[in-house]
Every structure is written in structure tokens, then in C-alpha cells.
Amino acid sequence: MKKIFAAALAALAMLAAGEAQAQKKTLVIGMGSADAGKLDPHIASTTPDKGLLQYMFNGLVRIRPGQISPDTIEPDLAESWTSNPNGTEWTFKIRQGVQCHSGYGEFTAEDAAYSLKRAANKATSSYSNDFSSVDKAEAVDKYTLKVTLKNPVAGFLGYVANINGGNMVCKKAAEEMGDGFSKKPIGTGPFMFAEYQPQQFVRLVANKQYFRGAPALDEIIYRYIPSDSSRDLAFQSGELDMIYGKQDQSWVDRTKQLPGVKVIAMEPGEMSTLFLNITVKPLDDLRVREAIAYAVDRKSIVAFKGAGTSREAVSVVPSGYLGTDEHAPLFPYDPAKAKALLAEAGYPNGITVKSIHTTLTGMQTFLQAIQAQLKKSNINLDIEEVEHATYHAQIRKDLSPLVHYQAARFPIADVYLTQFYDSASIVGTPTAVTNFSHCNVADAEIRAARVETDPAKQKELWKTAQEKIIKAVCGIPVYEQLQLWAWKDNLDLGYDLKGSLNLAPPITEKTHFTK
Amino acid sequence: MTAFLIRRIGFAFVTLFAVLTLVFVIVRIVPGDPAQVILGDQASREAIEALHERLGLNKPIVTQYAEFLGNALRGDWGVSMVSGRPVMAEVLNVLPWTIELTVVSLVIGVALGVPLGVWAAVRRNRFFDYAARIASLLGLSFPAFVSAIILLFLFAIEVHWFPVISARSGSLSAWTQSITLPAINLGLISAAYITRVTRSAMLEVLSEDYVRTARAKGVPAGSVVWRHSLRNALIPIITVVGLYLSILIGNSVLTEIVFSRPGLGKLIVGALNQRDYTMLQGMMVIYTLAVVVVNLLVDIAYGFVDPRVKLG
């Protein structure tokens, strides 16, 4: 009996080994979520969905694979583009002969125009706000797209790049399938949707007709594995070739020790900011807000989070964005000064500030560390912990005087400044985005910079805006958390990976296994 | 028998109806507008009203209730608010995974637990009894996700006998490979539970007069234990197995997550996190249905093992 059992196990083991041998052209990626959401590039807003959709879609232009800076923008579906001097009319020459997946025909200017309108439509897109300045998008001829803007838009090309609403869908497929499009997304990218197994994986196959050449890989299996430890174990056992890391330093240290593994902390950094509601007591007093800013020690937060995976914030806009003031005058750590300011403001015995916060681990430990720091300056942070979805709902209802928010945005200062500091974005108003602090001190500069066509002047306006916001202490930027990934070193991505705006490493036609 | 069944099924319907009503009410008194949740906080007034219309939330509450009941009975539970796929399809997709895991682990639990429990009762207060009791206490108090990680570490990493991602299908060998570790993980816990119940039920029966009589008249020891006693101890064991079956369906969530298997548990956790109201409604109905069906089966099983339960 024992012999039979052992023989059966050996046979099973050989079967498993055989499978591993045949997988050389299949890339298996382990993602940290339970299941796929709506697989529509104009709707998806989560890391797992965006990461997957980037393999299937192109933009009119793209940020060079592995980069995040808008400086690296290069042709994608559009071969070339021109604009009028004040940047309100853009003409894109669409590449000829690009084929939509699954026989949906050639991708033309007609599809591009349809795509932009779809991305601008509230009913079909989560990113309609990004396109509010688009007046018209029309196909002049089969390969010429003309986009007319109501006003100049800072970094307009970023909105038609291969991210969010800039992803180009095929008109015929989208119209034919309607709501069903998210079940079988059709794009023009190097990989095509093949199969979805609920709670297990999405399988993509190579698009042999891809306009940059047939991909070296045959297929991608994108597995949903919510448990961090299971993902790690499956990576160790060789069932996964690339994994989304647990987002902390100890994971990096542990994973780095595995043989034949590459670990990366990549851009963009998600910046943690403490937003202070400048309209409620006692935070309406500038001295109190300054006291809190003096009480935060960015250096020890980075030491706590891990120097290899995080870095200090430099301004109210994350570092490396177009327009970030990399040497902005942030408040230094000075608890004595903080206490003095509190006393001056009439609170010699300190204050209590309430914050509604999520129980999401990474964020939770951060705010607890901040709580301990503030305590030293007699500032009592009263954290009310709720589940993540509730946190998101309540902070948007203006219920939390101090809001901790972690975010990366398209790397142009305008996006961050507009969403978090323009008074039009104040939470609880009809045009609300994520201005939790009710900040209104830099509206003029933010709005002027948005339509400024001279890059030098625009940069100057953004710099002034950042200075004003820091001075008014609408937000206290603390640190930036990088994105952690690991993969087997026999996988050659085919480019140099510094970061990915779609939050997962791009897999291109060149990505392949070396052995 | 028929009358008994009809009465039981009637009860089951009443329970289901009560749960459906409860679900309907709960979802509507919970703070927050589902349309707002679906569309997000940046949604415009018109978009929210349009969605109310589509979801039928602007109709009178009585009409909504009637439609909800009607749809639920026809098996139409609407569309998941998050993924846009029909709730029924999502549930049916993963239901087989949960059922197979539950059944296989229960089989392991019974196959281990009943003999161990009987043996422990027979060897009362001797070494084996203590060993079995300590082992089962350990099994009961051990968190399922810890034992799952240990199993994976030993059998998938140290020796590559089984995959970490235990969700293969297609061939018998693939299926066996995937089900073994998760089923052992859950099976050991249910074995611990069943061992304890079997032991105490057996102890009670073993002290009965008729057992002494059987022994006195020279019935072989094995026959006394396995035929006379176990047969009479089965009622509490079946009750516990039945109860445990419903618990198992719910408890499998941790096992599903660690072994990366699809399943109902994962579905309901996801729906809770994302405020997927339609999905939650569907899940609550499914869980109620599971409990009701299991109880019905347990009731019927009583009739088979115990002639004192009259099914007439």
C-alpha cells in the first residue's frame, strides 16, 4: 500500500515537472486581489485591473515602457502629432494597418475619435472628468484624428497616453458588445483576452498581428491570489514567474534572499499626506496647523517604512512629477516649536484631533506611527478605525478633520494640485474630487498654470502654488511608498524597468524567458 | 414519510421566505445609497437618478418587495454591482469548488473522527484516550490558516508533492493534487470535532443496561461496540456532522484564500469589502438555502438510523 502511494506521488510530481517544462513561453503573474473587476480600460481604477488591461491596449501615444515621466512620451497608435501654438487643436496621424483583436478590423481615426468620446462620457467612463476640456474629437480622414479643446490643457498628451481614459478601444467591438465589453475587452495591444476563470485567472494570448511585431511570449496567465503568503509560496515553488509584493520592507529583505529572483521598488511612489481641514476648530488656526507640521518627523517614518521601499516627501506634489518643487520649504521636525505654537494659540495643554482612518495594514501602521510622533508635541490624534470602503465614503462626506490619504496621480503637478488643493475640488460640493482640507489659497496659480503655454512660466506658477499650500498647511506631505514587485531572473522584460503608471510592470512584445 | 417530507419542505420555505424578507429590509435600512456606492462619490445627480431607475429603486417599496421575491424565486438575483456579471452565474461558477472541498473534507473528518472517537471511548482514561483527546483539542484550537501555511510549506515547498495554487482541474490527477492539501486542512479540523462528539456519545451508550446485557450474554466485544453501541450513538454524531457541514461551508473561506481556490467564502468577503449589495443578497440566500437543505438531510437521516423517529 505504502509503495503504491509513493509511486503515485512520484508520478504526480513528474506530471507537475512536465508542466513546468512546457511553460517556457507562458508568463504567470500573481496579483494580490481576490478577483477581476470590470475589465474595461475606461472604467477600471484599481491596481490589479489597470495592471492587466495595459497588456491589451494602446494609447495614441505612450510613455516609454518602464518609465513614468511624460518626457518619455513616444508614438503609439499615433505615428506623429502636431498642435496649434496655444495647444487647443491637436492633429494625430494614426498608424496604418493596425489590427484590432479577434478580427474586429483595422484601427482607424474613427475608432480613436469614438474612444475619446467614450472616455469623456460619464455613463461609460470613470475618467470623464479628465476630458472635460475636450470640445470635439473627429476623424478628418481614415488616418487623421483632430481633437479640439475648449482651452489649453497642461500636459494634454498625458491624457491620450496608454493609461486610464487614454486607452484606445475598437469602436465596432465596443458598440456591438455594449456592457459585455468588459467580459471580452478588445484592443490593439500585444496580448489578447482569451479566457476568464472566476477567482482564479485571466488568460491572455499573444496577438500575432501586433504592429510592433509578434510577442515572444505565447500567453500570460494573470492569477488572482489575495493571500500574501500564498503568493510568496507559489513564487518560491515556481508556479508564478512574477508577483505583486507585500508592500513592506520585510518582504523585500526576505524575497531578495531567494535564489534567481529580482526584486524592485518601482515608481510611481504613492505619497502619504495628512490633510488638515482648515475650516474646523482647532485646525482653523494656522498656528495649530503649523504645530502639527513641526511635530511630524519624516525621516523616522522612512526609517520605519524601510529605506529601500520608501522615501521622504519633498513637496505637496510627489517627487519627479512635471512641475514638482523638489526643494520646497517643508516644515522641519521641531517638537519644541510645535509646543510653543500650541501654547501661543491658546492650547498650552495640547489638543486632540480626530481622524477617520482605514484598517488597511500599510496605512494603519503609518498613522499609528504618526500618532506616536504627535504625542511628543502634546497633540493627541484620536483615530477612529473603519473598514476601507467606509473610510473612503466618510472622508468624502467631510467627516474627518484630519485625513490621511495615499495617492499617485498622472505625473504632472496640475493633476495633484487640482484634485487635492483647488477649491473647486472640496469634498461635499457638487464638483468635489479629493480636496479634504478645504484649501483655497492657491486657486489662482493652479488655474493659471493649467492654461499657461510657456513651460517656464507654468513651472513658476506651480512652484508658487506649492509654496502657498505648504505655508497654509493645508496638507502635510510625509513619505512616498514605492511599488514592490519580484520576478524570476530568467525573465527578460526587454526594457529597463524604473516604473509603470499602470502600477504593474509592462509586458511587451520583447518580453521573453532566457532559459 | 411523504407527509414528513412535505412538512419539512414547507418549513424550509417559511425559513427561506423569512430570510428573503430580512435581506430585503436590511439592504434598504443600511445607511448609504447603493447607486451612490456603485457610481462613486464623484457621480452627478442625473447619473444617480438614472441608476435608481435602472435598479428599480424609485418604485414604491411594496412593488420592489414583490419584484424582489419574484425574481429571487425564479433564480434571478440581478447583476453584481462590481463586476457586472450576473450574481447567479458568479455563484454557480464557484459553488462546485466549495461543495467538493466541503464534501471531501467531511469524508476525511468522518473517516478519521468516528473510529478515533469510538476507540477513545472504549479505551476510556487510558493512554490512547488521552492522546486522542489532546490531539483533538489541538485540532480544534489550531487556526485553519496557520495549519494551511504549514501544510503548504511542508508539502509544496520542502517536497514538491503538491502545488501551492490548489485550483487545478481537467484530469483526475490534477484534481487529486489540488484537493488533497485543502481537504486535509479542513478535514483534520472536522475530524477533531467529530472525535470528541463520538467519544462522549459512545461513553453514554456504553454505560447503558442493554450494552451490559449484550456483553453478559456473550456477544463478541467488536459487535457490542460497532453494532449495538455505535448505532445508538449515531444520532448526536449526525446532528453534529450536519451542523458542522453548514459551518464548514462558511469556514472554508480561510482555506480557500490560502490555497488560492475559488469558492463561496471568497465571493462573500469580496462582496462585503466592495459593498456589492446585489451579490450580498444572493449570497445570503445561498447560505440560507445551504443550511436549510443540510438540516432537511439531517432530519431524513435520523429516520434511517433510528427507528424511534417516526417519519409518518
Side-chain angles (χ1 to χ4, degrees), chain A residues 8-13 15-17 19 28 30 33-40 43 45 122-123 126 128-129 179-180 182-183 196-201 223-227 229-240 387-390 392-393 395-397 427-428 430-434, chain B residues 31-32 36-37 39-47 50-51 79-80 82-85 89-94 97 145 148-149 152-153 155-157 159-169 171 173-174 176-177 180 254 256-263 266-267 269-270 272-275:
Chain A
L9 280 174
L12 286 179
L15 270 176
E19 234 166 80
V28 190
S33 70
D35 206 349
K38 274 200 180 115
L39 296 180
D40 183 324
I43 293 175
S45 60
K122 269 190 174 13
S126 315
S128 55
N129 280 347
D179 276 352
S182 61
K183 286 170 206 144
Y196 163 65
Q197 288 294 335
Q199 298 184 357
Q200 291 194 64
F201 60 85
R223 280 198 170 275
Y224 297 100
I225 304 179
S227 152
S229 21
S230 307
R231 223 161 47 242
D232 283 352
L233 288 175
F235 183 56
Q236 243 175 294
S237 77
E239 289 164 64
L240 299 173
E387 162 276 328
H388 196 63
T390 312
H392 269 292
I395 57 174
R396 284 177 171 76
K397 283 188 189 132
V427 290
T431 52
V433 191
T434 41
Chain B
Q36 183 87 58
V37 175
L39 294 174
D41 281 68
Q42 297 170 47
S44 66
R45 211 58 250 165
E46 313 96 79
L51 190 62
V79 171
S80 159
V82 174
S83 70
R85 292 180 284 265
E90 295 251 335
V91 169
L92 290 182
N93 267 328
V94 298
W97 293 88
F145 60 93
I149 298 271
L152 277 181
F153 195 75
F155 296 105
I157 301 292
V159 292
H160 286 268
W161 289 358
F162 300 100
V164 176
I165 302 167
S166 309
R168 294 185 183 166
S169 57
S171 68
S173 77
T176 324
Q177 263 198 329
T180 309
L254 289 174
E256 281 166 7
I257 288 175
V258 177
F259 289 100
S260 315
R261 287 174 62 86
K266 252 163 115 176
L267 205 57
V269 170
L272 275 170
N273 279 336
Q274 295 169 300
R275 292 294 146 87

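Per chain, numbering begins at 1; letters A, B, ... match sequence-line order.
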- If you tally heavy-atom pairs under 4.5 Å against chain B, which of A:Ser237, A:Ala36, A:Gly37, A:Gly30 wins? A:Ser237
- Message: When you compare the side chain of B:Pro262 with that of A:Pro198, does any pair of heavy atoms fall below 4.5 Å?
- Response: no
- If every non-hydrogen atom of A:Gln199 is compared with every non-hydrogen atom of B:Arg261, which pair is closest and at what distance? OE1-O, 4.3 Å
- Message: Applying side-chain contact (heavy atoms from CB on, under 4.5 Å) to B:Ile165 and A:Leu240, what does each step give before you reach the verdict?
- Response: CA-CA 9 Å; B:Ile165 302 167; A:Leu240 299 173; 3.8 Å; yes
- Sequence neighbours excluded, the answer for side chain to side chain donor-acceptor pair (under 3.5 Å) partners of B:Asn93 is none
- Message: Which atoms of A:Ile43 are under 4.5 Å from chain B, going by heavy atoms: the side chain, the backbone, both sets, or neither?
- Response: neither
- dist A:Leu233:CG -> B:Phe259:CZ (nearest 0.5 Å) comes out at 10.0 Å
- Item | Which portion of B:Val258 sits near chain A, non-hydrogen atoms under 4.5 angstrom | both
- Query: Non-hydrogen atoms of chain B under 4.5 Å away: do they reach the side chain of A:Phe235, the backbone, both or neither?
  - Reply: neither
- Note on the structure: When the 4.5 angstrom heavy-atom criterion is applied to A:Arg231 and chain B, the contacting part is neither
- Message: I'd like to know whether B:Lys266 forms a side-chain contact (heavy atoms from CB on, under 4.5 Å) with A:Tyr224, so could you lay out the CA-CA distance, the side-chain angles of the two residues, the decisive distance to 0.1 Å, and finally the verdict.
- Response: CA-CA 11 Å; B:Lys266 252 163 115 176; A:Tyr224 297 100; over 6 Å; no
- Straight-line distance of A:Gln236 CD to B:Phe153 CZ, nearest 0.5 Å: 6.5 Å
- With sequence neighbours left out, the residues meeting salt bridge (charged side-chain N to carboxylate O under 4.0 Å, His left out) with A:Asp35 are none
- Task: Name the region of B:Ala156, side chain, backbone, both or neither, that has any atom closer than 4.5 Å to a heavy atom of chain A.
- Result: backbone
- Say you draw a straight line from OG of A:Ser229 to CG of B:Leu152; how long is it, rounded to the nearest 0.5 Å? 9.0 Å
- Message: Closer than 3.5 angstrom, by distance alone: can the side chain of A:Glu239 be matched with the main-chain N or O of B:Val164 as a donor-acceptor pair?
- Response: yes
